[in-house]
Amino acid sequence: MRIIEFESAERLHEIVAQEIIKRVQNNPQLVLGLATGSTPIGVYKKLVEDHKKNGTSYKQVTTFNLDEYVGLAKDHPQSYHAFMQEYLFNHIDIPSHQTHIPNGLASDLEKECQQYEKMIQQAGGIDLQILGIGLNGHIGFNEPGTPFSSETHVVELTESTRNANSRFFASIDEVPTHAITMGLNTIMQSKEIFLLITGSQKAEIFRRLMEEDVSEDLPASILKRHPQAFVYVDEEAASLLSS
Ligand code: F6R
């Protein structure tokens, strides 16, 4: 796991976007793993700007999102489907059938998870996975205690995650209790991984990630075992470690 520190989130967004664009240019059929949440929004904005200005094409790119809430329709404003449309897919030339997000309304959720896993494999695996990190160290919706061997599965969200995400809903009662998420093993199969960590709120979890051993209590710590995992961190998130 390599750490790359930036003086600002803005600069981090710029460089991460450039790295993604480079990979799309080198491999137009790139399989890209995507995350939602606040952290990658700045990166998606840069990708959209570049697409409009320089015409980088996503016509042959395939995407797989990490996760989706159970029980929200695709057009629910807080669904991850709606998020991806709003921040990325509506603004670039990717065909919608090449974008994949777990279906949280599937009648058989177990089957949906198995099929999602299979689709990733059939696409040849994920070339580059983008990740954010939760305050408790989760990646995707893999909460502390999730087995490192996990594949795409249904999870019950912890109180801390539902609280953190309630800022997007009218009240905490409206935050779904379950989600579908790629598992930690699914994520680890990606050829390359970029974990983005920005803002002072994430300083404590970044400190823990740096100082603690690899353990299922800190899901993101598994990335230390990945040969091509890069942590992009801004100065604020790195503030508890600066010596
Ligand atoms: C999102 C996801 C989550 C978030 C994490 C951080 O698809 O899987 O793990 O990356 O909760 O969220 P933000 O970026 O909102 O702090």
Side-chain angles (χ1 to χ4, degrees), residues 9-10 12-13 16 32-46 63-70 72 74 76-89 99-104 113 116 120 126 128-146 150-169 172 175-188 190 193-206 208-209 218-223 229-234 236-238:
E10 169 74 15
L12 181 151
H13 297 148
V16 170
L32 199 49
L34 298 173
T36 60
S38 313
T39 311
I41 290 178
V43 174
Y44 298 153
K45 278 196 182 134
K46 300 278 179 201
T63 64
F64 287 93
N65 265 78
L66 280 168
D67 42 20
E68 177 59 288
Y69 289 116
V70 166
L72 295 192
K74 289 181 183 172
H76 186 290
Q78 301 312 333
S79 76
Y80 288 173
H81 279 80
F83 177 103
M84 290 311 301
Q85 290 303 132
E86 178 179 350
Y87 290 106
L88 189 62
F89 299 155
T99 66
H100 304 92
I101 303 178
N103 176 11
C113 294
Y116 201 70
I120 295 174
I126 291 170
L128 169 61
Q129 176 66 55
I130 308 297
L131 298 175
I133 188 170
L135 297 175
N136 60 6
H138 74 219
I139 50 176
F141 271 127
N142 295 288
E143 305 284 16
T146 306
S150 55
E151 299 196 325
T152 303
H153 62 292
V154 177
V155 285
E156 183 168 359
L157 304 180
T158 62
E159 216 38 41
S160 115
T161 296
R162 290 185 70 234
N163 257 319
N165 291 6
S166 66
R167 67 192 193 272
F168 301 112
F169 292 81
I172 185 152
V175 184
T177 54
H178 291 77
I180 294 180
T181 181
M182 282 185 200
L184 293 168
N185 186 52
T186 321
I187 293 170
M188 285 294 280
S190 310
I193 298 176
F194 290 178
L195 169 62
L196 319 184
I197 313 183
T198 55
S200 52
Q201 241 203 330
K202 297 284 171 72
E204 173 58 13
I205 193 61
F206 178 63
R208 285 188 56 202
L209 180 62
L218 181 48
S221 66
I222 194 176
L223 300 176
F230 299 87
V231 180
Y232 290 85
V233 61
D234 72 355
E236 283 188 12

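Indexing begins at 1, ligand by ligand and atom by atom, following the structure's order. If you read the sequence from its start, that first residue is 1, and numbering goes on from there.
Those atoms of ligand 1 that come under 4.0 Å of a heavy atom in Leu66, given as number and element, are 8 (O). Within ligand 1, counting atoms from 1 as listed, the ones closer than 4.0 Å to a heavy atom of Gly37 are 14 (O), 15 (O).
Ligand 1 is never approached by Gln201 to a heavy-atom distance shorter than 4.0 Å.
By heavy-atom distance, the residue among Ser38, Gly137, Gly132 lying nearest atom 10 (O) of ligand 1 is Gly132. Between the choices Gly140, Pro40, Ala35, the shortest heavy-atom distance to atom 3 (C) of ligand 1 belongs to Gly140. In this structure, of Thr181, Ile133, Leu196, Asp67, the residue bringing a heavy atom nearest to atom 7 (O) of ligand 1 is Asp67.
Inter-residue side-chain proximity for Leu34 and Leu88 is flagged as met; some heavy-atom pair is nearer than 4.5 Å. In this structure, Ile133 and Phe206 have side chains that are not in contact, with every pair of non-hydrogen atoms separated by 4.5 Å or more. A heavy-atom distance below 4.5 Å is found between the side chains of Phe141 and Asn165.
Looking at Thr36 against ligand 1, both its backbone and its side chain come within 4.0 Å, counting heavy atoms. Of all the heavy atoms of Thr39, the ones lying under 4.0 Å from any atom of ligand 1 are found in both the backbone and the side chain. Neither the backbone nor the side chain of Asn65 has a heavy atom within less than 4.0 Å of ligand 1. Residue-level proximity to ligand 1 for Arg167 is carried by the side chain, the only part with a heavy atom below 4.0 angstrom.
Centroid-to-centroid, the aromatic rings of Phe169 and Tyr69 come within less than 6.0 Å.
Side-chain atoms of Thr161 do not come within 3.5 Å of backbone N or O of Thr158 as any donor-acceptor pair. His178 places no side-chain N or O within 3.5 Å of a backbone atom of Glu156 that could act as its donor or acceptor partner.
Under the rule for a side-chain hydrogen bond (donor to acceptor under 3.5 Å, both in side chains), the partners of Asn185 that lie at least two apart in sequence or sit in another chain are Gln189. Scanning for salt bridge (charged side-chain N to carboxylate O under 4.0 Å, His left out) contacts around Glu204 gives Arg207, with sequence neighbours left out.
Nearest protein heavy-atom neighbour of atom 5 (C) of ligand 1: His138 NE2, 3.4 Å. Among protein heavy atoms, the minimum distance from atom 16 (O) of ligand 1 is reached at Lys202 NZ, 2.7 Å.
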